2 protein chains.
Amino acid sequence: MATIYDVARQAGVSIGTVSRFLNQNGYVSEAARERIQAAVEALGFAPSGVARGLSSKQTRMIGVVVPDLVNLFIPEVVRGIQDVMDNAGYCAVIYNTDGLGAREARALKLLYERRVDGMILLPPSSEEGNAQIEELHRQGLPQVLLGRDLPGLPLDSVTVDTYRGAVEAMQHLLALGHTRIAFVSDRRLKRLSGRLSGYRDALEQAGLPLDDELLFEMSSMYKGTVLDRMLQVQDPPTAVFSMNDMIAIDVIQEAYQRGIKVPDHLSIIGFDDITFAASVQPPLTTIAQPKSLLGQTAAELLLARIEQKASLPVQEVLLSCQLIVRMSTARR
Amino acid sequence: MATIYDVARQAGVSIGTVSRFLNQNGYVSEAARERIQAAVEALGFAPSGVARGLSSKQTRMIGVVVPDLVNLFIPEVVRGIQDVMDNAGYCAVIYNTDGLGAREARALKLLYERRVDGMILLPPSSEEGNAQIEELHRQGLPQVLLGRDLPGLPLDSVTVDTYRGAVEAMQHLLALGHTRIAFVSDRRLKRLSGRLSGYRDALEQAGLPLDDELLFEMSSMYKGTVLDRMLQVQDPPTAVFSMNDMIAIDVIQEAYQRGIKVPDHLSIIGFDDITFAASVQPPLTTIAQPKSLLGQTAAELLLARIEQKASLPVQEVLLSCQLIVRMSTARR
DNA sequence: CTGAAAGCGCTTACAG
DNA sequence: CTGAAAGCGCTTACAG
C-alpha cells in the first residue's frame, strides 16, 4: 500500500509538500502539483485516515448509539444523521445496544477508544450508560442526546414534544365525540411518559374522568388479548390511543379478527407515523414524529459542538409532532 | 486525555511494559501489574485505537455498504453482521449509497482511506462501484459480497437462492389450482432477476403458457393502479406473485379499496418476510429470506478472510428461502 | 521480567 | 514556495 513517502519520492519532493498538496493548505508550485498528482494516481495512493487521525487529533468519525436498528423509527433518524454528517465529511459508526445498559456502557467505551470526535446517543438511558456519558463528558468528548435527557449534565439535546403530540391525538379523538378512550402502552417503553401525561391532561381538560380501567399494556405476556380485555370493561372504550404505531397496528389486526370494524366500531390513533402506517387497512391516523429532522438536528448540534467545544452555550432543541388524519378514526 | 506515557510514569515502568500489560502478551510481574492497573484506573486511561491502528496495521473496523437503511430488509441483515463482528471485537462503519453508483464508489473510497480491515457489500451493484471494488481487491482488501455477485472477481459471497424461492412460491400457487398468475416487479429492482426466472420456469414446468400480459411493474409512475391494469387483461389473474412484500402489501391495499377480497377473489404471495408481513390484513403468505443469517454468514466469511487473506480459497455460500404460508393465499 | 529504540504514516510549525 | 524535523500514541522485536 502506497504511503506519502512513495508519492514524495516519485514526485521528487518532500513529504511536507505532498501533505500540503493533499490538504490544499500552504503553497505548492504548479510544477510540483502536477508531478504529485501524477504520482498519486500512478500509485493509487489514498492517504491513511489512521495516520491523519493520530497527528491531527481528529478522526472525523462520530459514534451513534442506538437501541435497535430493526425498528421502523430508528433507521430514519440514523438516515438524517448520516446525511448531514456525510456532507460534513464525517463517518458514522453505529452501535447497537439492544436497549441493554451494560451494552450501552460498553458501546460508549469502545467508541471512545476509537477516538470518535463526538457521539449521538439515543434512548433508552440506563444507569451504567449515564455514568459512562458523564465520564466521557468530563473527558471533554462532545455528545448530543437524541430523544432522551440526562438531568444534571449540560449536554446538547434534541427532543420531540411528545406530550404536546399526545394532547393533540386526544383532542382529535375528543373532537370526534369519543369520551371513553383507552391508552395502550408497551411494557418496555415505560419511560416514554410524555404520551401518558398528554393523555391524562387532555382528558382532565375535557372534564372527563380518569379511569384506570382504560389503561392497557401490550406485553408479550398478554399479546393478542388487549382487545379482549378492553371489551370486558363495563362501558368499553370507543377509541384507542396507542403509544406507537406498531401497537396500533396490532390492535387493528385484533379488531379485524373479531369482526370489529375500524373505525366504525372503534377508532384507533397511533404515534410515530412509521412507513407502514399509511399501508395498513385502514390507513392509520397517527401523530408523526419528525424522524429525519431529529437526526439532522442532532448532527448539526454535534458538528457545532465539535468545532466550538466549550465556548458554545448548551442547546436544547424541542421539535414538534404533527397530527396525520387518515382512516382509522371516525366520529363516534 | 491520558496516554500510555502518563500511565507508565505513574506506575513507574516503561511504556513497553504498559503495552504488554494492556495486550496481555509478554510477561509482566505481579507487582507491575497492580501498579499499572491502578494508574489506568486513576487516569481513566483508554488506549487510543488510532495509535494502535497505525502501529499494528489493523483497525478492527469493517465497512458495510448498504443501499438504504430505511427498508425493512437491510437493518436485519446489518444486525446479523454486527452481532458477529461485535463479538469478534470489530466495529462496523455503515455507509448508505441510496443505490447510487457514484455514492457507492465514494463510500468504498472513504472506507478504504479509513483503513477498515475489510468490507461487506450489499446490492445494488453499479459500474463505478464495481470498478472500485476491483481496485480495492487489487490492493488486497478483504471484501465479501452479500446478495450480489461480480462475475470475474474471485470474491467471497453469500447469496440467497431466490430462484428456488420463486419456484416454491409458484408451486404453492399452482398447487392451489391457480393457472393465471401475475408477476409484479419493481422498476428499481430489475436486477433481482432470479425471482422472474423462477416464475417463468415454474410456469413452464407446469405446462402453462407464459403470458407477457401477466407481467406488471410497480413504479411510481403507475403507483396505485397495478390492480386496475390486472383487471383489464382478458382472462385476468386469480393470483399474484409479488417480487417483495412491500409491493404485495400495496396490492392487498388496492384490492381492499376496490372491494376485491384477498384471498377469496385473489391470492397474493410476497417475498422477503419483512416484520410486517404477519401484521397486515390478511397476514401475508410469503417466501422468507434468512436475513439475519445472511448477515452473520457474510461477517464470518469476512473474518476468515481477514485472518487468512489469500491463503483461503474463495467461498460462495448459497442460503435457501422458506415458504411461509399465512392467509393471503387460498384455493382458487 | 523489563527498558530503549525504531517505526507506523501522517501534520505542523519553523527555517530558509 | 519547500525541506528537515519533531511529534501524535501506540506496538514490536531486540537486548539485557
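All values below come from the heavy atoms of this structure, side chains included, with hydrogens, waters and symmetry mates left out. Small disclaimer: the values here were computed from a predicted structure and weren't measured. Lettering of chains follows the sequences in order, A, B, ..., and the numbering in each one begins at 1.
- Applying the side-chain hydrogen bond (donor to acceptor under 3.5 Å, both in side chains) test to B:Q24 and every residue at least two apart in sequence or in another chain returns nothing.
- Residues passing the side-chain hydrogen bond (donor to acceptor under 3.5 Å, both in side chains) test with B:E30, sequence neighbours excluded: none.
- If you check every strand for non-hydrogen atoms under 4.0 Å, B:S29 touches sugar and phosphate atoms only.
- Contact annotation for A:T3: backbone-only contact, meaning every heavy-atom pair under 4.0 Å involves sugar-phosphate atoms and none involves a base.
- For B:R33, there are no salt bridge (Lys or Arg N to Asp or Glu O under 4.0 Å) partners at least two apart in sequence or on another chain.
- Counting heavy atoms from C-beta on, the side chains of B:L150 and B:E134 never come closer than 4.5 Å.
- Under the rule for a side-chain hydrogen bond (donor to acceptor under 3.5 Å, both in side chains), the partners of B:S19 that lie at least two apart in sequence or sit in another chain are B:N23.
- Among the protein residues, A:V13 comes within range of the sugar-phosphate backbone only, with heavy atoms under 4.0 Å from sugar or phosphate atoms but none that close to a base.
- Looking at which nucleotide of DNA chain C each of B:Y27 and B:S56 is closest to, the 5′-most match is held by B:Y27.
- Close approach of DNA chain C to chain A, defined as any atom under 4.0 Å from a non-hydrogen atom of the protein, starts and stops at C:dG9 to C:dT12.
- Listed by chain and residue number, A:R103, A:R106 satisfy the salt bridge (Lys or Arg N to Asp or Glu O under 4.0 Å) test with B:D86 (two or more places apart in sequence, or in another chain).
- In the region residues 31-46 of chain A, proximity to DNA chain C at under 4.0 angstrom, judged on heavy atoms, holds for A:F45.
- Sorted by first then second residue, the salt bridge (charged side-chain N to carboxylate O under 4.0 Å, His left out) pairs that include residues 114-133 of chain A, not counting sequence neighbours, number zero.
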Canonical and wobble pairing (Watson-Crick, G-U, under 3.5 Å) of DNA chain D, dot-bracket with |: |||.||||||||.|||
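- In summary, A:R79 and A:E76 do not engage in a salt bridge, as defined by a charged side-chain N under 4.0 Å from a carboxylate O.
- Within the structure, the salt bridge (charged side-chain N to carboxylate O under 4.0 Å, His left out) test picks out the following pairs touching residues 140-153 of chain A (sequence neighbours left out): A:E104-A:R148.
- A residue-by-residue look at B:V50 and B:G16 shows that B:V50 has its nearest nucleotide of DNA chain D further toward the 5' end.
- Counting only residues at least two apart or on different chains, no salt bridge (charged side-chain N to carboxylate O under 4.0 Å, His left out) pair has a member in residues 41-57 of chain B.
- For the pair B:V28 and A:I15, both in contact range of DNA chain C, the more 5′-proximal nearest nucleotide belongs to B:V28.
- Applying the salt bridge (Lys or Arg N to Asp or Glu O under 4.0 Å) rule to A:R305 yields the partners A:D156; only residues at least two apart in sequence or on another chain are considered.
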